[in-house]
Number of protein chains: 2
Amino acid sequence: MADRTTGRAKETSLKDISAYCGVSIATVSKALNGHKDVSEETIRKIRKAAKELGYRPNSAAKALKTNRTYDLGILFVDEAQSGLTHDYYAALLDSFKREAEARGYDLTFINSNRGEKNSMSYLDHAKYRGFDGICIACVDFYDPEVIELARSDIPIVTIDHVFNNRMVVISDNVRGMADLVDYCCDMGHRKIAYIHGADSAVTQARLSSFYKTTYERGITIPDEYVSEAAYRNTDETYRETIRLLNLPDPPTCILYPDDFAAFGGINAIHDRGLSIPDDISICGYDGIRITRHITPHLTTLRQDTKQLGSKAAELLITLIEHPKTTLIQQVMVEGSLYKGETVRRIQPES
Amino acid sequence: MADRTTGRAKETSLKDISAYCGVSIATVSKALNGHKDVSEETIRKIRKAAKELGYRPNSAAKALKTNRTYDLGILFVDEAQSGLTHDYYAALLDSFKREAEARGYDLTFINSNRGEKNSMSYLDHAKYRGFDGICIACVDFYDPEVIELARSDIPIVTIDHVFNNRMVVISDNVRGMADLVDYCCDMGHRKIAYIHGADSAVTQARLSSFYKTTYERGITIPDEYVSEAAYRNTDETYRETIRLLNLPDPPTCILYPDDFAAFGGINAIHDRGLSIPDDISICGYDGIRITRHITPHLTTLRQDTKQLGSKAAELLITLIEHPKTTLIQQVMVEGSLYKGETVRRIQPES
DNA sequence: TTTCATTACTAAATCGTTTACGATACTATC
DNA sequence: GATAGTATCGTAAACGATTTAGTAATGAAA
């Protein structure tokens, strides 16, 4: 028999098995789900029949009855350039996906079809699909729709942004930036500039850590050594790098918002006829793959995306499966310094 | 009232609205779905109640009844390194996602939880979730499970691999490689080497196009100019590049499997103290973002991922919504040559 | 012999929708 | 005034599963 609307063959259901085996639907269900009040023999019979008839459970029916979908929603907005095509987030998503799937959960993108006839808010969409839990990773955290979602009663884990009373996995940007700055100082640099990314919780953490660490090392950072450039924007870092190089007292080391943006600086430095790291040292941030495949290898702070993603999935699923006993927590994931070759050891001026 | 298993509040259903408005559930359903046998007034009343009570449809119930999920499965296996963290595929997925969501479809990853207690084949999983359609993008196309899926009765679109009687969107690798080779020839190169990727339909298309185009330009390619290196593997391209440079009669131009792999060649060339493009010319393939942000800009063939992804989604959804009238087709998407700066104009030897 | 557990099974309700079909009332036509 | 047509709404079955409560049979304990 074929479905009228899709034209596809009808799938076999519990009813078919029950008719085939001469037992009730309830027994079939229980047998297949491993309940104990079914005899060994009927279990065998039913299992065999299920295989023969090509039975596959129906997630919609199961979800309708149990209120569990074993499907996780991921909010991953790829406006402009952050998102799927962003190495850091892509790696995060990949790791999250792996862990979730290993634990028996599927992944579906959350979206609000703005502009569509039946557009829904993120929350509407999440409720509509009945996600067991949600991961908010790459998004404008001040978007009202995101906040609405974060305030809902759906289990949620967030990455790199703290919401009140919600689970969160954060990359330790304070420690990361401190490691980076410490390394530069250890290499003898005292004139360190920082071109930081656009304002966000992440940026703030890195920026304050930058100031704190340099201060602790007895370094005073002149205002003109610190400026802003959008993440992953090479044009802006190019411009800011030129500005830094033009300074009467230019820095000996420049920190960039991220690895990709660092390429803007690399170009600016080369265009000036200078060489890295002989004439000037640079650092990226993130530790994307390409940094280890260029010469000289880019000095950077590698964020542990594998850990971040899998930990997020682990926490979220624990929260879903043990809502009472799981307490909301905040997990910090350390990155690791990748020394690379773009920071040269210099003799500090006396 | 709260759900016993999840502890979450119960969602309002059509029944609640029907009670609230004093009409039948059927009328509420019809009113909300825009059927014409409901009076304007009751529609208004029901719409208002739905808003007040915070009604949200339940996708599981809808799917159960209608056999339509408005959910698309994507097969996107990220073994080793191809997949989410692969620029080309990530861009593809992004574009596919955009188009699908704009047309009212969600995206869920297909996976077979191998090794898990309830592991399913790709097909089992797809049937279980009831996807309306499937996109197979980045995967081993000779995997028996993939073939089983491709033979099923589910609407499918494939990217870059032709299955019998299935829709497919392919990047024109023949034309792309021809454009690339032609450009190199136009720049005066006659000693062109090609380090191609591992065997696949894509590789074969590029390789045969490479031979055909060079032949047409009157160039004979010695066997030692052609060798293999895995895609996105810089170590292997490094090794092969060194080999090429050691040749008694080395090439003046080297073509790489992809942009990323080209970095292995770049390193090898620099390590030899040679410069690009003054001493040797190189080309990548794909047109990933970074190629336009390094100096010199990498000459490459930019694949139109935006078009590939959106076209795939468009075709698939058309097939889903008009199964009778839609004929299976094969769509070819042209890439575009990005000239960059890594191929130098030379005087061909006489 | 009666009583009580235990085992193996079933009936039926239920989850939230959609939809074929029937029912009613009103209007227009002859 | 009988008939047909139209507009509006309701009844009830169905989708495929889970689960509660209950039945029937068996054996053991009293």
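Each chain gets a letter, A, B and so on, in the order its sequence line appears, and its residues count up from 1.
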Over 60° means perpendicular and under 30° means parallel, so classify the ring planes of B:Phe131 and B:His125, tilted if in between. perpendicular
Nearest heavy-atom contact between A:Ile154 and A:Arg166 is O-NH2, 3.1 Å
How many whole angstroms separate atom CG of A:Leu32 from atom P of D:dT19? 14 Å
Begin from the C-alpha positions of A:Glu41 and A:Lys45 and carry the test salt bridge (Lys or Arg N to Asp or Glu O under 4.0 Å) through to its verdict. CA-CA 6 Å; A:Glu41 194 188 325; A:Lys45 186 171 60 177; 6.0 Å; no
Which heavy atom of B:Ala312 sits nearest a heavy atom of B:Val157, and at what distance? O-CG1, 3.7 Å
What I'd like to find out is whether the side chain of A:Arg129 reaches to under 4.5 Å of the side chain of A:Ile110, using heavy atoms alone. no
Quick one: is B:Asn33 getting a side-chain N or O under 4.0 Å of the C:dT18 phosphate, OP1 or OP2? yes
Can you tell me the distance, in whole Å, between the CG atom of B:Asn67 and the P atom of D:dA14? 16 Å
Rounded to the Å, how far apart are A:Lys127 NZ and C:dG16 P? 13 Å
Starting at atom NE2 of A:His35, determine the distance to atom C1' of C:dC9, rounded to an integer number of angstrom. 14 Å
Between C1' of C:dG22 and CG of B:Asp37, the distance in whole Å: 12 Å
Please give me every residue in residues 11-25 of chain B whose heavy atoms get under 4.0 Å of an atom in DNA chain C, ordered by residue number. B:Ser13, B:Leu14, B:Lys15, B:Ile25
Side chain of A:Lys30: nearest nucleotide among D:dA17, C:dC9, C:dC21? C:dC9
Determine the sole option in A:Val168, A:Ile328, A:Leu319, A:Ile134 for which the side-chain contact (heavy atoms from CB on, under 4.5 Å) test with A:Ile156 is passed. A:Ile134
Consider the side chain of B:Thr27, meaning its heavy atoms from C-beta on, and name the nucleotide among D:dC9, C:dT19, C:dT10 that approaches it most closely. D:dC9
Indicate yes or no: at least one non-hydrogen side-chain atom of B:Leu84 is less than 4.5 angstrom from one of B:His86. no
Whole angstrom is fine here: how far is it from NZ in B:Lys36 over to C1' in D:dT6? 13 Å
Heavy atoms within less than 4.0 Å of DNA chain D: which residues of residues 38-57 of chain B have one? Give them sorted by number. B:Val38, B:Ser39, B:Thr42
Whole angstrom is fine here: how far is it from NZ in B:Lys65 over to P in D:dC15? 7 Å
Please confirm whether the backbone N or O of A:His322 pairs with a side-chain atom of A:Thr326, one donor and one acceptor, at under 3.5 Å? yes
Judged by atom type as modelled, is there a donor-acceptor pair below 3.5 Å linking the side chain of A:Thr42 to the main-chain atoms of A:Val38? no
